[in-house]
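Keep in mind the model is a prediction, meaning the values are calculated, not measured. Counting starts at 1 for both ligands and their atoms, following the listed order.
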Amino acid sequence: MRTYLVTGGAGFIGSNYIHYIIGRYGDSIRVINVDSLTYAGNPENLADIEKRSNYTFVHADICDAEAMRKLFLENDINRVVHFAAESHVDRSIRNPDVFVKTNVLGTLNLLNAARAAWEQPDGSYPDDHKFLHVSTDEVYGSLSEPDTYFYETTKYDPHSPYSASKASSDFMVKAYMDTYGFPANITNCSNNYGPYQFPEKLIPLMINNALAGKPMPVYGDGLNIRDWLYVEDHCRGIDLVQEKGKLFETYNIGGHNERCNIDIVKTIISTLREILPDDDPRKAHISEDLITYVEDRKGHDRRYAIAPDKIKAETGWYPETAFEDGIRKTIRWYLENEAWMEHVTSGAYQQYYKEMYGA
Ligand code: NAD
Ligand code: DAU
């Protein structure tokens, strides 16, 4: 039975990935989710899975060398899928240190634990033992010319403390592959959206504010472009890279779905107005009047756009969810899971929001 160690599985993409692999492989795999449950980690995201006999949650920090060593010692882990990270650019601008600690040192620690468990006396590694490092398109920097894209060969040019920390972690994984023949892949993905995303990120924040009749804060001129991918498509891409990709390779994952921020915000407003029943009292206050332009993010990258040619050619992956369908599914999910939103926005979120956006 193959055992997956998923790090950061209580977060947004990690929990969607665990749902995806359990849905796909059922009881034929074991899943161990290691997560330190920062503000972004929420066991509620896996409430429907936690009682399964092939799922185990381990509350630990990836920076804890002894805890990671024990995990590998006590479990015959074949696959590591490494999501655990500090992931929010705005937080990295306010407090870079923890990004270096978790994203760089935590990744190094995990690599060391996996290598110690997997490397054989002759320096080789057993078959079907793989480490997949989940990274971001932000490591490539910002595109200034139209019709240009990020390829796997694009030079790294990170600008935020977040993207610099992810770039460092990517380089560390590359170094382990080149130096020790460590069996790994790196995936660099564009902006994800979908269920269970914490409302500090653009799409869930805007949905939540619109429903509450609060200002919808758009940074700068609202014309920055991101390449949006439905989270399940990302999860399938990660799975296909492990199943069909070549070891030691990097794969870019993205859906050729470039949109500027202001268009995303307007789509959320119009979709909410369309979906909400006429007798829902919130409908009256959801309009473009809520859009509020605020001070720009420092060092704000202008445009990201992924060229997914390699993953398409080598694994057959393509984004199955059109944005129009994905955003509807996402908005419906948030409408059907208002208790989830209430839980994650009570407490510490209030303080974060006040510090970030003012009263
Ligand atoms: P998230 O912030 O929603 O979740 C991160 C998870 O990691 C949380 O459950 C948190 O508790 C856990 N974690 C944080 N520090 C930890 C530590 N020291 N030890 C153990 N667990 C820890 O993030 P996400 O949006 O799901 O992103 C997951 C990964 O995917 C990250 O590596 C991110 O860089 C990458 N990524 C994200 C996107 C995106 O659009 N969200 C796109 C491309 C790549
Ligand atoms: O590109 C992949 C990256 O996408 C991931 O590596 C990151 O983990 C993930 O957080 C995301 O980063 P972004 O900075 O692109 O996502 P965010 O949702 O924070 O912002 C998206 C865009 O919306 C960005 O141009 C900033 C803008 N924005 C964001 C917020 C939160 C606003 O205009 N207003 C807001 O309130």
| note | His129 meets the ring pair (Phe, Tyr, Trp, His ring centres under 6.0 Å) criterion, sequence neighbours left out, with Trp118
| request: Say whether Cys189, considering both its backbone and side-chain N or O atoms, lies within less than 3.5 Å of an N or O atom on ligand 1. | output: no
| task | Within a distance under 4.0 Å of any heavy atom of Asp137, pick out the atoms of ligand 2 and give their elements. | result | 1 (O), 2 (C)
| message | For the 3.5 Å polar cut-off, considering only N or O atoms, please tell me whether Thr136 and ligand 1 meet it. | response | no
| task | Could you see which bit of Leu202 sits under 4.0 Å from ligand 2, with heavy atoms only: side chain, backbone, both or neither? | result | both
| query | Can His300 be said to touch ligand 2, with heavy atoms closer than 4.0 Å? | reply | yes
| Gln197-ligand 1 polar pair, N/O distance under 3.5 Å | no
| Tell me: protein heavy atom nearest atom 5 (C) of ligand 1, and distance? | Ala85 O, 3.5 Å
| task | May I ask you to check whether Phe12 has an N/O atom sitting below 3.5 Å from an N/O atom of ligand 1? | result | yes
| message | With nothing but distance in play, are any N or O atoms of Gly9 less than 3.5 Å from an N or O of ligand 1? | response | no
| 4.0 Å heavy-atom contact, Glu200 with ligand 2 | yes
| Donor-acceptor pair, side chain of Arg115 and main chain of Leu110, under 3.5 angstrom | no
| Does the N or O separation between Thr38 and ligand 1 drop below 3.5 Å for any pair? | yes
| field | Within 6.0 Å of CD in Glu232, more than 12 heavy atoms from elsewhere | value | no
| Judging by distance only, is a nitrogen or oxygen of Ser87 under 3.5 angstrom from one on ligand 1? | yes
| query | Which of the listed options, Phe12, Phe150, Tyr162, holds the heavy atom that is closest to atom 6 (O) of ligand 2? | reply | Tyr162
| request: For ligand 1, find out whether one of its N or O atoms is nearer than 3.5 Å to an N or O atom of His82. | output: no
| message | Heavy-atom distances under 4.0 Å decide this one: backbone, side chain, both or neither, for Glu138 against ligand 2? | response | side chain
| said: Using ring centroids (six-membered ring only for Trp), state whether Tyr349 and Tyr39 fall under 6.0 Å. | reply: no
| request: Under 4.0 Å, heavy atoms only, figure out whether ligand 2 is touched by the backbone of Asn191, its side chain, both or neither. | output: both
